[in-house]
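Here is how names work: the chains are called A, B, and so on, in the same order as the sequence lines, proteins then strands, and each is numbered from 1. Keep in mind it's a predicted model, so treat the numbers as computed, not measured.
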Number of protein chains: 2
Amino acid sequence: MLKYQRIAEELRSAIEAGEYGPGDRLPGENDLMALHGVARMTVRQALSVLRSEGIVEARKGAGVFVRAFRPLRRRGIQRLASERWAAGRSVWSADVDDRRELVVDGVQVAREPVPERIAAVLGVEPGAPVWVRRRRYLLDGKPVMSAASHFPADLVADTPVVSPDPGPGGVYARLAEAGHAPVRFREEIRTRMPSAGETDELRLPSGTPVILITRTAFTADSTVAEVNDMVLDAASYILEYEFDA
Amino acid sequence: MLKYQRIAEELRSAIEAGEYGPGDRLPGENDLMALHGVARMTVRQALSVLRSEGIVEARKGAGVFVRAFRPLRRRGIQRLASERWAAGRSVWSADVDDRRELVVDGVQVAREPVPERIAAVLGVEPGAPVWVRRRRYLLDGKPVMSAASHFPADLVADTPVVSPDPGPGGVYARLAEAGHAPVRFREEIRTRMPSAGETDELRLPSGTPVILITRTAFTADSTVAEVNDMVLDAASYILEYEFDA
DNA sequence: TAGTGGTCTAGACCACGTC
DNA sequence: ACGTGGTCTAGACCACTAC
């Protein structure tokens, strides 16, 4: 067993045994060097193992801390039921219980040329104009997701879909009123390590992956009304899909 | 901009520009040291950024290589349709096209005490006996998933469900014949960095996350017939769920 | 201001792959 | 045999946090 793995293993079992609880500070790099009689790079490598497992989180100038893990349960199918938004409730309100606070942040709506990746799904020409609604979701003050919804420009022009606050039931209720009610959704899920920009926007501690969800909303005549590109902090979410055999 | 970020950025854009294609070898650590006039630890940190983004993969003694990314598309709902397994087709055969080869590996069936985490979902007492079917799936020779299905012992005793090869339609077809046809499924998705054991079993290059899927199969009387714990190589999969509003 | 983690240097030995 | 990446040492300066 290599030195850095031994040190990582020792800290990991101490955490699992409850010697360090969520939010507790671990021994610092200097402590660990003295304790194990190794060079600083070696303890740093040990800590980097734990960071990359998402178990601990380093805060510059402060120390290394045990991470708390209380994910949101995102019920993929129920949350998008038409009865919900027809009744004026937002999609994301289904994800939280009453004791936690989910707020939406930095809403921006803009008319832009369609990104290449989206054009194919949306079924429009590359460079065609689309309306893009960007926003970020914070749970108890911590960013957990950022999202960018893309709508074909001719579908939503002069509708409340492109207003910063679309009102009760959100954009799906407004699309329905405009005669473009979504009747079917497809969610595509990928996961990978975040880019620098994503780390920044979601304030991710290094070592947590992100989940990428691309949701496509289809109307009754099978046209695409929305392509929503989401980036989720993987540690903050459990995704759930329930369906018949 | 920090040195290691500059070097990482330069390599990343070279890869995106196609100067290095999938499988190509990047300049080695010694080359990069000479090229940028920095210490070895600095180029290593640059490369570790790219590794943690899953863009490149280091092979000891050989070099650093651009990773190929050709994920499987796993259609979560269609693949579990009862018509499929009733017609004698396996669930996983829905995931691959004809040009790629998916093989099942290391099938083990054993009667064991139920793990604590599973007991709660399965609705049995802690320590009660369950039948566990473990196996691994390889795509074109590379492990992409390992899975462990848990069945309540009294439900499957003396049925082909516990035989190494359950036959056409797989265990769901056999459960159906035994009067325990699954009628509803729930899939729970988490994602995190792999443990050492998972890295080993799936032969993961460092820097790729794993996707954990826990599937629960319910019968018509709402009892749980199976809890399937899966570990997927995140880089090998795109998950897809399609459903009505 | 003292201590923390983040970055960086300049060496070293090793196991492993390729040739 | 040689070059590769993996591990490790022993220093250094910096920006940031907490007090």
Side-chain angles (χ1 to χ4, degrees), chain A residues 1-11 15 20 23-67 141 193-194 196 199-200 203-208, chain B residues 1-11 15 20 23-67 141 193-194 196 199-200 203-208:
Chain A
M1 179 80 94
L2 300 168
K3 289 189 184 180
Y4 79 92
Q5 289 177 344
R6 257 193 353 91
I7 299 172
E9 179 51 41
E10 181 179 315
L11 289 169
I15 292 168
Y20 304 100
D24 284 2
R25 186 177 172 281
L26 293 185
E29 296 179 355
N30 292 333
D31 302 323
L32 292 171
M33 285 170 66
L35 193 61
H36 294 91
V38 296
R40 183 157 174 239
M41 283 309 297
T42 307
V43 286
R44 277 183 68 73
Q45 190 167 5
L47 290 171
S48 94
V49 170
L50 301 184
R51 263 184 303 150
S52 97
E53 288 172 1
I55 298 175
V56 305
E57 163 181 3
R59 291 205 280 272
K60 202 191 322 188
V64 178
F65 299 85
V66 179
R67 293 184 57 183
M193 296 308 288
T199 300
D200 225 50
R203 293 207 304 266
L204 298 172
S206 73
T208 24
Chain B
M1 179 80 93
L2 301 168
K3 289 189 186 180
Y4 79 94
Q5 289 177 344
R6 257 195 352 92
I7 299 172
E9 179 52 41
E10 181 179 313
L11 289 169
I15 292 168
Y20 304 102
D24 284 2
R25 187 176 171 281
L26 293 185
E29 295 180 353
N30 292 332
D31 302 323
L32 291 171
M33 286 170 66
L35 194 62
H36 294 89
V38 296
R40 182 155 174 243
M41 284 307 298
T42 306
V43 296
R44 278 184 66 75
Q45 190 166 7
L47 290 170
S48 95
V49 170
L50 301 184
R51 262 185 303 150
S52 99
E53 288 173 0
I55 297 175
V56 305
E57 164 182 0
R59 292 204 280 271
K60 201 191 321 188
V64 179
F65 299 83
V66 178
R67 291 184 56 184
M193 295 310 285
T199 300
D200 226 48
R203 294 208 303 269
L204 298 171
S206 75
T208 23

Problem - Nearest-Å distance for atom pair CZ/P, residues A/F65 and D/dA18 - result: 7 Å

Exercise for the section: Please examine the side chains of A/M193 and B/R51, heavy atoms only from C-beta on, and report whether any two atoms are closer than 4.5 Å. Expected result: no

Practice task
Side chain of A/Q45 only, please: which of D/dA10, D/dT7, C/dG6 is the nearest?
Solution key: D/dT7

Handout entry: Point-to-point distance, once rounded to the nearest 0.5 Å, from CD1 of B/I55 to CG of B/L47
Key = 11.5 Å

Problem - Selected nucleotide, minimal atom distance to B/N30 side chain, candidates D/dT4, C/dG5, D/dT9 - result: D/dT4

Practice task
Write down the distance between CD (B/E29) and C1' (D/dG6), rounded to a whole number of angstrom.
Solution key: 8 Å

Handout entry: Worked check of side chain to side chain contact (heavy atoms under 4.5 Å, CB included) between B/L32 and B/E29
Key = CA-CA 5 Å; B/L32 291 171; B/E29 295 180 353; 5.8 Å; no

Problem - Between P of D/dA10 and CZ of A/R44, the distance in whole Å - result: 17 Å

Fill in the blank from the handout: Atom NZ of B/K3 and atom P of D/dC14 are separated, to the nearest Å, by 13 Å

Handout entry: Base versus backbone protein contacts along nucleotides 12-19 of chain C [heavy-atom cut-off under 4.0 Å; B, S, -]
Key = B---BS--

Problem - Value in whole Å for how far the P atom of C/dG3 lies from CG of A/L32 - result: 17 Å

Completion exercise
One should read off an interatomic distance between B/E57 CD and B/R67 CZ, to the nearest 0.5 angstrom, of 5.5 Å

Practice task
Quick one: list whatever passes side chain to side chain contact (heavy atoms under 4.5 Å, CB included) with A/A39, sequence neighbours left out.
Solution key: A/T42

Handout entry: Closest nucleotide among D/dT9, D/dG6, C/dG6 to the B/R51 side chain
Key = D/dG6

Practice task
Evaluate the side chain to side chain contact (heavy atoms under 4.5 Å, CB included) criterion for residues A/L26 and A/I15: first the C-alpha distance (whole Å), next the side-chain angles of each, then the deciding distance (0.1 Å), finally the verdict.
Solution key: CA-CA 9 Å; A/L26 293 185; A/I15 292 168; 4.3 Å; yes

Fill in the blank from the handout: Rounded to whole Å, CG of B/L47 lies from P of D/dT4 at a distance of 13 Å

Practice task
Among C/dG5, D/dT7, D/dG5, find the nucleotide with the atom closest to the side chain of A/Y4.
Solution key: D/dT7

Exercise for the section: Taking only the side-chain nitrogens and oxygens of A/T42, find out if one of them lies under 4.0 Å from OP1 or OP2 of D/dT9. Expected result: yes

Handout entry: Rounded distance (Å) that lies between atom P of D/dT9 and atom CE of A/M33
Key = 9 Å

Handout entry: Residue pair A/V56, A/L11: steps toward the side chain to side chain contact (heavy atoms under 4.5 Å, CB included) verdict
Key = CA-CA 10 Å; A/V56 305; A/L11 289 169; over 6 Å; no

Exercise for the section: Measure from the side chain of A/M41, starting at C-beta and using heavy atoms only, and say which of C/dA10, C/dC8, D/dG5 lies closest. Expected result: C/dC8

Practice task
Round to a whole Å and report the spacing from CD of B/E57 to P of D/dT4.
Solution key: 18 Å

Handout entry: Closest to side chain of B/R25, choosing from D/dG5, C/dC8, C/dT9
Key = D/dG5

